[in-house]
Structure formats: C-alpha cells, structure tokens
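First the structure, in the form of structure tokens, and then the observations on it.
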Amino acid sequence: MNYFPEEVLEHVFDFLTSDRDRNAVSLVCQSWYRVFIGNCYAISAERLIARFPRVRSLTLKGKPHFADFNLVPHDWGGFVYPWIETMAKSGLNLEELRLKRMVVSDDSLELLSRSFVNFKSLVLVSCEGFTTDGLAAIASNCRFLRELDLQENEVEDRRGQWLSCFPDSCTSLVSLNFACLKGEVNLVALERLVTRCCNLRSLRLNHAVPLDTLQKILVQAPHLVDLGIGSYVHDPDSETYHKLKSAIQKCTSVRSLSGFLEVAPRCLAAIYQICLNLTSLNLSYAAGIHGTELIKLIRHCGRLQRLWILDCIGDKGLGVVASTCKELQELRVFPSDLYGVGHAAVTEEGLVAISAGCPKLNSLLYFCHQMTNAALITVAKNCPNFTRFRLCTLNPTKPDPVTMQPLDDGFGAIVQSCKGLRRLSLTGLLTDQVFLYIGMYAEQLEMLSVAFAGDSDEGMLYVLNGCKKLKKLEIRDSPFGNVALLTDVGKYETMRSLWMSSCEVTLEGCKTVAKLMPRLNVEIINESEQVEVEASPDDRQKVEKMYLYRTLVGPRRDAPDFVWTL
Amino acid sequence: PYFIYHIIHTIYIYISIKHLHLYYNLPHLHKTYPKPPLKKAIPRIYSTLTSRIVWKMESSVAYEGDLNLKATELRLGLPGTPSIVRNNKRASPDMVEDCGSTGSSDNKHSHPETAPAAKAQVVGWPPIRSYRKNSFQPKKTHEVETGIYVKVSMDGAPYLRKIDLKVYKGYSELLKALENMFKLTIGKNI
C-alpha cells in the first residue's frame with residue numbers, strides 16, 4: 001500500500017463510513033493522518049503519536065456534554081496544553097486542530113502557533129480559558145493559516161489588537177469566524193485583511209463590526225459563501241444602506257447566513273436577495289428580529305436546508321417555514337425568553353406543521369412549552385428519517401396537556417418509525433415504558449440524554465440491554481440506582497461514557513463498578529462543602545455526580561480536589 | 001411452594017407487560033406499528049426482573065405494588081423542589097411557566113413527602129449552553145460595567161480570575177472570597 005499516492009488512499013478510505021472499519025484500517029496503515037478522539041482522557045498524547053506518527057489533523061473533545069449546562073464544575077479538566085506540548089516535542093507536522101469543550105490557555109495557543117510550521121486550521125467550539133492575547137499569537141505566528149473558527153467560546157477580551165497581528169504577508173485565510181468575541185476589533189485592520197485574502201469564503205463578524213464596515217467588506221469579498229453579520233443597524237434611507245444593498249446584490253455565492261447580533265428590522269429588505277439561494281440560516285442569536293419581520297424574511301428562503309431560529313417565531317411562523325422550506329433537513333428552535341414569563345412561544349402545533357411540510361427533516365432540536373402524544377405520533381409518521389431528535393419541554397416533567405398522560409407513547413412512536421435514529425433527548429412526563437420502547441426499537445441509537453424521567457431501575461436496564469450501539473448515556477435527576485448500574489458493567493467498555501447525576505446510585509455502587517472494571521475511570525464529582533475529602537464517606541451515601549468512561553491510560557493525573565477517581 | 005409462587009409471579013409479569021401499553025389508551029399505535037414478537041423483549045426483561053424479584057423479596061416488599069402500579073402510575077410532582085432535596089424520587093423542578101389552567105392541575109397528585117417550596121430555578125435547566133444564556137442578558141451587563149474589576153492571578157493557577165471589588169464590604173471579606181476562589185488559606189486569621 002505504500003506505493004499508492006495519498007490522494008488515492010484517501011479516495012478509497014472515504015468509502016469506509018463505519019468507525020470500526022476505519023479503526024481497523026488505521027491499525028495497518030501508517031500514513032493515517034486524521035484522528036478523532038471523542039474523550040481526551042481515553043488515551044494519552046504519547047500513545048496517539050505512537051499509533052499515528054503521521055497525524056496531521058486532530059479532533060479532541062474534553063468535558064462531558066452536560067458541562068454545557070453548568071453541571072460540571074469549572075476546573076474539572078480537559079486541558080489541551082499537555083497535548084500540544086507532547087505533539088510539539090515529538091516533531092509532529094500538525095496542520096489542523098479541532099477542540100470541543102476543552103480548556104485552552106493562552107500559553108497553549110502560543111505554543112501551538114510556534115511549534116507547527118504548517119499549521120492551517122484551528123476550530124474551537126465551546127472552549128474557555130483563553131483571551132484575545134492567545135488569538136494574537138495565532139494570528140502573528142501561523143504563516144499559512146487558512147481557518148480560524150471560534151464557535152460559542154468564552155473568550156476574555158484583552159482590548160488588544162489581535163486582528164492587527166495578522167501580518168501583511170498573510171493572504172491565506174479561507175475562513176474566519178470571531179462572532180463570539182465580546183470586544184471591539186480594529187475595523188481598518190479587518191478591512192485590509194479581507195482585501196488581501198482573496199480566497200476568503202467564510203467570514204463571521206462579531207457585534208462590534210458596524211454596517212458600514214460590512215458594506216466595505218462585501219465590496220472586497222463578493223465571493224463569500226458563508227456570512228455572519230455582526231451589527232446590522234442603520235438608517236435605511238442613508239447612502240450607506242443603499243451601498244450595502246448594491247454590494248449584497250453582487251454576493252451571489254452566499255449560501256449560509258448567520259449573526260444579526262444587533263439588528264434594525266427595517267434594514268432587512270436588503271438581504272432578501274441573498275435569501276433566495278440560502279441553504280443555511282442561523283437567526284438564533286438575532287433577538288432583534290420578531291414576528292412579522294421574521295416571517296417575511298423566511299418567505300424568501302425557499303431552498304433552506306438548515307434553519308436555527310428562536311421560538312419567538314411562534315407556531316404560525318413555523319407554519320410559514322413548513323410551506324416555504326420544502327428542502328428543510330435540520331431545524332433548531334431555541335427558547336428566547338429564559339428569565340421572564342413566557343410569551344409567544346412554540347407548542348406541538350408548530351412541530352406537526354413542520355413535519356407535514358418538510359418530509360426530508362432528519363435533525364431536530366425543539367424547545368417548546370408543551371408536547372402531546374398525538375403530535376409526536378404524527379411527526380413520527382410524517383418524518384421517518386430522523387437521525388437526531390431532541391425535544392425539550394421547558395417544564396421537564398410536563399405530561400400531555402390534552403390527555404394528562406406521560407409522553408411514553410409519543411416517543412415510542414418516534415423510535416419505532418425512525419429506524420436510523422442515532423441521537424435522542426427526552427423530556428416531559430416519562431415512565432419506564434418509554435425506555436422499554438427505546439430498548440426495543442432504537443437499534444442505531446448512539447447517544448441518549450435523559451432528565452427527570454423513569455420510575456425505577458428497569459428503565460435504565462431496558463436501554464442498556466436493548467441499545468447495542470449505545471456510545472453515550474447521560475442521565476440527570478432520575479430514579480436509577482445501583483441495580484441498574486451494576487447489572488451489566490461490561491456494557492460500559494463498549495460505550496464512550498456514562499454520566500449520572502442526582503440519581504439513586506450510591507458510593508458503594510460506584511466503587512463496585514470501579515473494582516470490576518479496571519479499564520474504566522469512575523469519577524465522582526463532589527462539590528458539597530459538607531463532605532471533607534479526608535474523612536471516609538459513607539458507602540451508602542448517594543453520589544451527586546458520577547462520570548465514568550473507558551480509557552487505555554488509567555486515572556488521570558490532572559483531576560482537581562473535588563474529583564475522586566475510584 | 002416457593003417454586004410455584006415463583007412461576008405464578010412469572011406468568012403474572014408476562015401478562016402485565018403484554019397489556020401495559022393498553023393503559024395509555026392509544027390503540028391505533030399498535031395498528032400502524034406492529035409490535036415485534038414478544039420473545040425479543042421477554043428474555044431480557046425476564047432475567048432482570050427475576051433478579052430484582054429476588055432482591056425485593058429479601059427486603060420483603062410486595063411485588064405487585066412495585067411493577068404494575070408503578071408502570072402505570074401518573075406521577076405529577078409538585079413544583080418548586082430544588083434538586084438538592086433528595087427525599088423525592090424525582091425532584092420536580094419548577095419553571096416559570098405561563099400555562100394558564102394546566103398549571104393548577106399539576107398539583108393534583110402531590111407526593112406526600114414533598115413540601116411545597118418557593119419557586120426556584122433548577123441548575124442546568126433548560127438545557128442551553130451557558131454561552132447562549134449569557135448572550136441574552138443585555139440589561140445585566142450594564143450593571144456589570146459599573147463595577148471595579150481587577151484580575152487576580154496566583155502562581156500555579158491555570159488562569160486569572162476576575163473579581164469586582166465593589167462586591168466586598170471589607171478586606172476580610174475580600175480575603176475570604178479569594179480563599180474560596182483559589183481553594184487556599186491566606187496567612188493567619190485576620
């Protein structure tokens with residue numbers, strides 16, 4: 001195989017879609033260079049390099065998923081520095097680094113920028129721990145940088161001039177996304193950067209970039225495919241606005257639109273032109289676009305495949321989406337009103353309308369006030385192609401308001417109908433019955449999220465017994481205890497991880513798992529100030545948070561005080 | 001006799017499971033989605049349930065009370081139990097909700113152990129990324145801007161912490177806060 005050029009090998013391996021097959025091939029193919037590590041504590045950097053000495057692209061995920069919702073304490077772990085340090089020392093030719101839910105320090109970014117001459121692409125999703133100083137290092141030192149993509153990170157703003165740190169010689173940028181940055185940017189430096197990077201295809205601006213800068217940028221970069229608008233506020237009668245309108249008309253390649261972090265709805269008419277060709281629209285941060293303006297906009301988007309939106313669109317608005325966006329594959333509806341009393345939001349009606357109008361729908365994230373079994377059964381019938389189905393009723397134990405029954409049958413219909421379902425999140429009043437359905441029908445299920453559901457250990461057992469392809473199971477506030485945890489401990493080595501918080505498992509149960517399965521790390525996260533680390537806690541005590549995962553490298557050495565690896 | 005008792009229980013489970021779905025009053029579900037032969041489900045359930053039966057018998061809990069009623073029981077918890085209170089099987093979280101008439105019916109089947117508590121937000125609910133939650137707090141940031149912010153770094157800590165000096169009424173309070181933040185004790189007690 002050594003005498004095949006890489007492009008040929010790549011083409012052949014592209015046909016391998018199953019992780020297992022790829023895994024097997026990578027054992028014998030030394031030139032394998034793109035590696036995905038779903039849990040950074042499952043393996044060490046040293047072993048990675050030993051197995052894949054020619055790795056060029058690395059994807060790492062750190063904290064468990066529930067860390068997104070503040071269930072994991074701040075300094076739990078997931079530090080990328082040791083990885084970068086080890087890879088730098090071994091002289092690896094790293095070109096791409098994708099990190100999700102990891103702690104990235106400025107030092108890591110500095111080291112990264114200095115250690116890998118050919119470094120091309122940095123993608124950070126939901127990470128934290130760095131400031132704009134770290135970005136400055138990347139900008140200054142990565143001479144061939146093509147992609148800098150920051151998605152929903154908590155970045156501290158140092159009021160530096162990180163954008164100005166891109167040297168005049170940098171013309172290689174293809175993708176730049178800094179929408180999540182809270183601070184000001186040097187607008188002149190931004191314009192100059194866009195002008196000299198003729199290959200720029202994806203640009204997402206933050207709220208500090210005003211409309212007149214946007215207009216100048218669009219004149220320089222009419223070939224953009226993906227645009228994220230920062231501030232979109234201006235007087236629609238002004239010359240600037242008219243210049244913007246004509247600049248937009250020349251941007252015929254834009255297929256993906258997002259942002260509108262600040263918006264004056266009267267200015268929206270200028271973008272209707274782009275909407276005709278859009279396949280992806282993300283207005284989930286555009287709190288300034290409401291009701292009728294929003295619906296007017298959507299009516300222009302006949303080719304949409306992906307839509308992320310706020311629930312202020314309402315059921316009626318979703319009806320418009322259903323009649324307009326016949327190609328829709330992915331829909332995410334986020335709650336807009338998190339702190340006040342609920343106003344116009346979405347219910348099961350909107351979802352039913354979408355399912356009737358958009359039969360190609362395969363991915364859903366839907367926050368709503370209520371859901372009924374009848375609606376879910378209809379949705380299941382209309383859309384059998386779901387691969388990801390995540391439903392969240394804002395009151396997590398709310399029953400079907402029409403029948404006052406649990407939502408077991410509704411979700412049962414979903415798992416029965418959608419044979420390709422890989423990811424599922426449940427809410428609403430749910431008994432063990434729904435887990436029986438999941439165990440019986442959800443044969444392809446890889447990830448399941450459970451909150452405030454179930455009656456007894458049976459529920460969890462149905463899932464563990466039935467879902468043969470289960471990789472990640474995360475459970476909170478549900479009455480599953482030691483019997484469920486201990487009945488089949490071998491199962492956990494076939495999974496990436498299990499999270500259980502505020503359930504009925506006790507310390508004794510967790511200790512038993514740890515004893516029986518040496519290749520699992522069983523971590524107990526105890527933030528309670530009452531329990532002292534030195535005193536030996538009672539084994540019958542219930543465990544607040546347990547996170548267990550398979551690993552080849554034993555207990556991690558960077559665990560903080562409140563994490564106890566059994 | 002124990003053996004016979006066991007057999008009867010087994011048959012009882014078999015029948016109960018088969019008819020469990022009927023409690024939910026949606027017969028058309030079975031027309032469009034024919035259930036797989038029960039054989040597929042039974043062996044797994046059987047093995048887990050028998051082990052549980054044994055366990056339960058040892059602790060002398062009536063079995064009928066466990067499986068049958070629990071599976072069909074409508075449990076509507078009271079709102080307002082914060083997740084720290086662990087005496088309830090399922091802590092019923094409360095969300096500020098605008099459900100009109102349906103809101104009152106939630107309180108019909110109250111669990112005897114739960115005391116009606118004041119409305120409290122549950123940690124991590126609704127499940128939205130903190131980045132997104134923070135993005136929708138424009139009013140709060142204005143208050144934040146009037147604080148006196150300093151960054152505190154400690155040797156060995158991975159990154160700096162930002163604190164608002166206005167929040168602390170005196171030096172000792174500030175010290176306590178720093179101690180908590182960096183998990184250490186500073187000097188002698190002041």
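Every chain is numbered from 1, with letters handed out A, B, ... down the list of sequences.
- Nearest heavy atoms, B:Ser135 versus A:Tyr285: OG-CE2, 3.6 Å.
- Within the 4.5 angstrom heavy-atom criterion, no atom of A:Leu464 approaches chain B.
- For chain B, the nearby part of A:Asn153 is the backbone; its heavy atoms alone come within less than 4.5 Å.
- Annotation for B:Val123 and A:Leu71: closest pair CG1-CD2, 3.8 Å, computed over non-hydrogen atoms.
- Nearest heavy-atom pair across B:Trp125 and A:Thr393 is CZ2-O, 3.7 Å.
- Here the CG-SG distance, from B:Asn134 to A:Cys180, works out to 12.5 Å after rounding to the nearest 0.5 Å.
- Counting heavy-atom pairs under 4.5 Å between each of A:Ser284, A:Ser501, A:Pro560, A:Ala287 and chain B puts A:Ser284 at the top.
- Contact between B:Tyr131 and A:Ala179 at its shortest, heavy atoms only, is OH-O, 4.1 Å.
- Between A:Arg476 and B:Gly124, the shortest heavy-atom distance links the atoms NH1-O, 3.2 Å.
- We find the CD1-CG distance between B:Ile128 and A:Leu394 to be 7.5 Å, quoted to the nearest 0.5 Å.
- A:Phe334 carries B:Arg132 over the face of its six-membered ring, with the cationic atom under 6.0 Å from the centre and within 45° of the normal.
- Going from atom CD of A:Glu154 over to atom CZ of B:Arg129 covers 11.0 Å, rounded to the nearest 0.5 Å.
- Heavy atoms closer than 4.5 Å to chain B are found nowhere in A:Ser449, neither backbone nor side chain.
- Using a 4.5 Å heavy-atom threshold, the side chains of A:Phe367 and B:Pro127 count as touching.
- For the pair B:Val122 and A:Phe452, the tightest heavy-atom approach, listed with the atom from each and the gap, is CG1-CZ, 4.0 Å.
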